[in-house]
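Lettering follows sequence order; numbering is per chain, from 1.
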Protein chains: 2
Amino acid sequence: MARPGGRSARVQESVHTAVRELTAEMGREALTVPLVAARAGVTPSTVYRRWGDLQELLSDVAVERLRPDSDPEDRGSLRADLTAWAEQFLDEMASPPGRAYIRDALLGDPDGANAGQCSAYAAEQIDVVLARAAGRGEAVPDTETVVDRVVAPVMYRILFRPGGLDAGYARRLVAGVLDAPG
Amino acid sequence: MARPGGRSARVQESVHTAVRELTAEMGREALTVPLVAARAGVTPSTVYRRWGDLQELLSDVAVERLRPDSDPEDRGSLRADLTAWAEQFLDEMASPPGRAYIRDALLGDPDGANAGQCSAYAAEQIDVVLARAAGRGEAVPDTETVVDRVVAPVMYRILFRPGGLDAGYARRLVAGVLDAPG
DNA sequence: CACTAAAAGCTATTGGTTTGCGTTTAGCCA
DNA sequence: TGGCTAAACGCAAACCAATAGCTTTTAGTG
């Protein structure tokens, strides 16, 4: 993988852009490697060599989209910060596009590197919230505890229990980990 | 879908058997629809029409394999029952074949029906354990609470955090939900 | 400025996937 | 029991995604 500005970087960028555009235009089902390659202005063999197959390419694009673009907002207390973050997290992840990205990220991921990256994103956001609360002098749970008690249940239900998720569920999970830290 | 003994049932059975045999013989990577169809004694078009593609077929087979074959053993107390079940659950699901089945089950599952079935299997097992404990007069948590506090963290880590799972983790999760029920 | 290795373009070929049509089978009602 | 209907399957041709071999371009280096 060359430095930004090199040909490799240009190809990667144009291919990723092609995936995003074509997904928006005609849906995920209609996507095919030759189609993406044509839109990106490269040959299919280039895509196959760099990504292996369509799933791995979609996984790469999905991880990019799941990267949070900013730190959680400071609302003055651990409870308020964590509740707001959890509600937004559930809202984004449980939406149809969010679910599609999660599936794509998990699917074309032979070694689990992309899935690990997604988990790291959530852990980083939680770290920010917890560190801020600790700076205020509040007692804070471990990041791992929050992952187990909030992130994991949300993701589990998104993946295995289609339907029946709302902001209230996220609030209850946060209340549970703050009021009864295991 | 016809009753057992009908042609549809015979075809489904022979195709599923072919998938299991060929997976064991030459690995999941080598599987193709024409290969499975030939082993099953049907034509590829039959498989494509019934299952859509290889992923959906593998998803069906994976769900079958994830079905528990017996109720959890009675060890005399809720804590012992739940701990033993969680340890076995983690052990089976975190193993390479278990992870492969989970991935397959999630993968070819457009409407989430197969994933929901997997979740239902775990909930049923937990229900048995909790009902038995309630029959003894023990105080028991909700099934949903156990799913959130034990099943979800295990599955999340299997899917998003490759590596670093052991029986001790399952024991700590069970202890957490029994000693500090949210 | 030449040199080397990695990456992309090009093309032929393979084989997985789709489709249309005829045939069989299972369920159903008289 | 016997015909009727619709769903499921077999068959075969056509399509197109996927792969591989080879050439050409490009980026980095002495």
Using a strict 4.0 Å threshold on nitrogen-to-oxygen distance, state whether [X] and [Y] make a salt bridge.
{"X": "A:Glu13", "Y": "A:Arg20", "answer": "yes"}
{"X": "B:Arg65", "Y": "B:Asp60", "answer": "no"}
{"X": "A:Asp148", "Y": "B:Arg149", "answer": "no"}
{"X": "B:Asp104", "Y": "B:Arg28", "answer": "yes"}

Separation of [X] atom [atom1] from [N] atom [atom2], in whole Å?
{"X": "B:Arg10", "N": "C:dT25", "atom1": "CZ", "atom2": "P", "result": "9 Å"}
{"X": "B:Gln55", "N": "C:dT17", "atom1": "CD", "atom2": "C1'", "result": "14 Å"}
{"X": "A:Tyr48", "N": "C:dG16", "atom1": "OH", "atom2": "C1'", "result": "11 Å"}
{"X": "A:Trp51", "N": "D:dT19", "atom1": "CH2", "atom2": "C1'", "result": "18 Å"}
{"X": "B:Leu31", "N": "C:dG15", "atom1": "CG", "atom2": "P", "result": "17 Å"}

| task | Give every residue pair that meets the salt bridge (Lys or Arg N to Asp or Glu O under 4.0 Å) criterion with at least one member in residues 160-176 of chain A, sequence neighbours excluded. | result | A:Glu87-A:Arg171, A:Arg161-B:Glu144

Is [X] reaching over with its side chain to a backbone N or O of [Y], donor-acceptor style, under 3.5 angstrom?
{"X": "B:Asp53", "Y": "B:Glu56", "value": "yes"}
{"X": "A:Thr145", "Y": "A:Pro141", "value": "no"}
{"X": "B:Asn114", "Y": "B:Val63", "value": "no"}

| query | Excluding sequence neighbours, so at least two apart, what forms ring pair (Phe, Tyr, Trp, His ring centres under 6.0 Å) with A:Phe89? | reply | A:Trp85

Pairs under 3.5 angstrom, nitrogen or oxygen only, protein versus nucleotides 8-14 of chain C, please.
unit_1: C:dA8; atom_1: OP1; unit_2: A:Arg50; atom_2: NH1; d: 3.0
unit_1: C:dA8; atom_1: O4'; unit_2: A:Arg7; atom_2: NH2; d: 3.3
unit_1: C:dG9; atom_1: OP2; unit_2: A:Thr43; atom_2: N; d: 3.2
unit_1: C:dG9; atom_1: OP2; unit_2: A:Thr43; atom_2: OG1; d: 3.1
unit_1: C:dG9; atom_1: OP2; unit_2: A:Thr46; atom_2: OG1; d: 2.4
unit_1: C:dG9; atom_1: N7; unit_2: A:Arg49; atom_2: NH2; d: 3.3
unit_1: C:dG9; atom_1: O6; unit_2: A:Arg49; atom_2: NH2; d: 2.8
unit_1: C:dC10; atom_1: N4; unit_2: A:Ser45; atom_2: OG; d: 2.9

| request: Runs of at least three consecutive Watson-Crick or G-U pairs, both distances under 3.5 Å, are what I'm after; which ones involve DNA chain C? | output: C:1-15 with D:16-30, C:17-30 with D:1-14

| request: Please list, by residue number, the residues of residues 13-29 of chain A whose heavy atoms come closer than 4.0 Å to an atom of DNA chain D; answer none if no residue qualifies. | output: none

| With respect to B:Val174, which candidate in B:Thr83, B:Asp179, B:Leu78 satisfies the side-chain contact (heavy atoms from CB on, under 4.5 Å) definition? | B:Thr83

| task | For A:Ser14, check side chain to side chain donor-acceptor pair (under 3.5 Å) against everything at least two apart and list the hits. | result | none

